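Taking it in order: structure first as structure tokens, then the write-up.
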There are 2 protein chains.
Amino acid sequence: MKQAPANTRFAAVAVDIVIFTIIDDVLCVLLGIVDRPPHYQNIEACIGGLVEVNETTEAALHRHLQTKTTLQNLYIEQLYTFSEIERDKRNRVISVSYLGLVRQSEDVTSLPEGLRWCPVHELPKLAYDHSDMFAVAYSRLKGKLAYTTIAQFLLPKTFTLTELQRVYELITGAHIDKRNFRKKLLSLDVVKETGRMQEGMKNRPAALYTFKTTKLVELPLLT
Amino acid sequence: MKQAPANTRFAAVAVDIVIFTIIDDVLCVLLGIVDRPPHYQNIEACIGGLVEVNETTEAALHRHLQTKTTLQNLYIEQLYTFSEIERDKRNRVISVSYLGLVRQSEDVTSLPEGLRWCPVHELPKLAYDHSDMFAVAYSRLKGKLAYTTIAQFLLPKTFTLTELQRVYELITGAHIDKRNFRKKLLSLDVVKETGRMQEGMKNRPAALYTFKTTKLVELPLLT
DNA sequence: TAACTTCGTGCCGAGAGTACACTAACAAGT
DNA sequence: ACTTGTTAGTGTACTCTCGGCACGAAGTTA
């Protein structure tokens with residue numbers, strides 16, 4: 001792991017990413033073990049790393065993601081830039097943080113050693129200011145859920161309406177009426193039927209839908 | 001003006017702020033002349049400056065604001081971090097940008113030499129990537145107007161309902177019905193009458209209102 | 001074929017949103 | 001003092017969206 005030089009006139013710049021996914025009906029974030037004595041031992045944090053002088057923060061983020069994980073096809077957006085003096089007790093580091101979402105269908109379960117998916121309701125205290133960072137990310141996720149189609153990045157490309165509804169219920173923590181959810185969703189004209197059905201169910205199979213566009217759309221989906 | 005050292009392993013970090021105010025019923029942004037040949041001459045930009053190693057970006061922002069302007073009591077929120085390699089053609093600088101709002105009642109018209117308030121609809125091409133930065137700021141302002149009480153930071157502490165409505169009309173560009181606006185606003189319970197009236201009007205004086213709290217409140221004020 | 005599970009659909013009442021026009025208060029000019 | 005000009009301030013009726021609610025349909029298993 002690289003280390004910021006001690007005596008520059010400026011702070012080093014890092015990137016960190018809070019990655020969410022849904023595993024077995026539980027919202028989880030990606031954590032990695034940090035081993036940097038004396039301040040950070042036996043503690044976890046979001047993954048990230050330093051930004052080199054000749055790369056953008058986005059390029060640095062993708063570089064660290066490729067190096068440290070096998071995740072692909074993430075949705076990524078910039079979150080907030082943290083600059084408290086003591087946020088990293090070892091060096092002066094300003095961190096540009098990102099929010100990441102990865103679909104259930106991607107191969108999220110085969111993580112390298114030292115990484116794990118942690119349910120958001122069992123989150124331990126994190127290293128650096130990553131607990132704050134997580135809070136900002138979770139808040140952003142909840143906010144965007146209400147007025148964008150961001151939920152699409154947590155679902156497989158094709159999904160049932162019940163699965164989509166479940167994403168909303170998981171993240172907001174509120175129960176949603178099935179009929180009202182469908183009425184609202186279909187009126188927004190953002191999803192379409194694929195014509196295919198679920199297979200291998202032990203009950204009535206549901207129709208599979210897909211989003212009309214893979215872009216984020218701004219729409220008031222919840223009130 | 002300070003300059004980033006040429007041969008560090010890391011980028012320098014700067015802060016820049018897009019400050020809005022309303023002057024004579026026109027939404028304006030604060031611009032300063034940039035004079036850094038050969039790349040940036042006879043061109044304007046938002047104000048900002050470098051971040052020292054031992055200060056937060058917020059501290060650096062306030063320092064540069066104090067040095068370069070006499071503005072006080074600004075509302076400030078972080079906007080976005082720009083890190084394109086060539087965004088500053090002279091040095092490698094990553095910029096943490098901020099959105100600023102200043103009330104009409106503050107002394108906004110006495111600006112130091114080299115600064116001016118520019119109507120947003122007459123904005124010239126700006127130095128660095130500040131045209132992009134402005135676009136992000138304007139978009140954020142419009143967005144937050146709809147679901148927060150952010151308009152309060154563009155008005156004097158006491159104001160008439162017509163003045164408040166005017167802020168919304170100026171920024172969204174849409175006409176709003178006076179009766180519906182008042183009905184909605186008053187139902188939200190965020191403003192209260194002061195009991196005082198406008199003075200020195202050549203027509204019927206309006207009642208003066210004030211926001212119940214000086215904090216930003218999240219509420220859907222427009223649809 | 002009976003039991004079980006999830007899918008998929010419609011109506012109705014309440015509240016919010018939208019469109020719309022006139023009288024009231026004040027100042028200035030005659 | 002009265003007329004004119006300008007902005008303040010207010011209520012109603014219609015429409016539409018939101019939110020609550022229950023049951024038959026389609027498939028699997030025993």
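Quick note: numbers below take in every heavy atom, side chains included, and nothing from hydrogens, waters or symmetry partners. So you know, we letter chains A, B, ... as the sequences are listed, proteins then strands, and number each from 1. This is a predicted model, so every value here is computed, not measured.
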- Between dC7(C) (P) and Phe159(A) (CZ): distance, integer Å: 14 Å

- Go through the structure and list residues passing side chain to side chain contact (heavy atoms under 4.5 Å, CB included) with Thr194(A), not counting sequence neighbours. Thr158(A), Arg196(A), Leu208(A), Thr210(A)

- Query: How does each nucleotide of nucleotides 4-13 of chain D score, in 5' to 3' order, for protein heavy atoms under 4.0 Å: base (B), sugar-phosphate only (S), or none (-)?
  - Reply: -BBBBBBBB-

- Message: Whole angstroms only, please: what is the CD-P distance between Glu199(B) and dA27(C)?
- Response: 11 Å

- Whole angstrom value for the distance that separates P of dC7(C) from CG of Leu185(A): 15 Å

- Taking every heavy atom of Glu44(A) against every heavy atom of Val34(A), the minimum-distance pair comes out as C-CG2, 4.2 Å

- How would you list, by chain and number, every residue that makes a ring pair (Phe, Tyr, Trp, His ring centres under 6.0 Å) with Tyr98(B), sequence neighbours excluded? none

- Message: Does this structure show an ion pair linking Glu169(A) with Arg166(A), if we count only N-O contacts that are shorter than 4.0 Å?
- Response: yes

- Looking only at heavy atoms, the pair that brings Ser95(B) and Met133(B) closest together is OG-CE, 3.8 Å

- Task: Can you label the angle between the Tyr75(A) ring and the Phe153(A) ring as parallel, tilted or perpendicular, going by 30° and 60°?
- Result: parallel

- Item | Value in whole Å for how far the C1' atom of dT17(D) lies from CZ of Phe181(A) | 17 Å

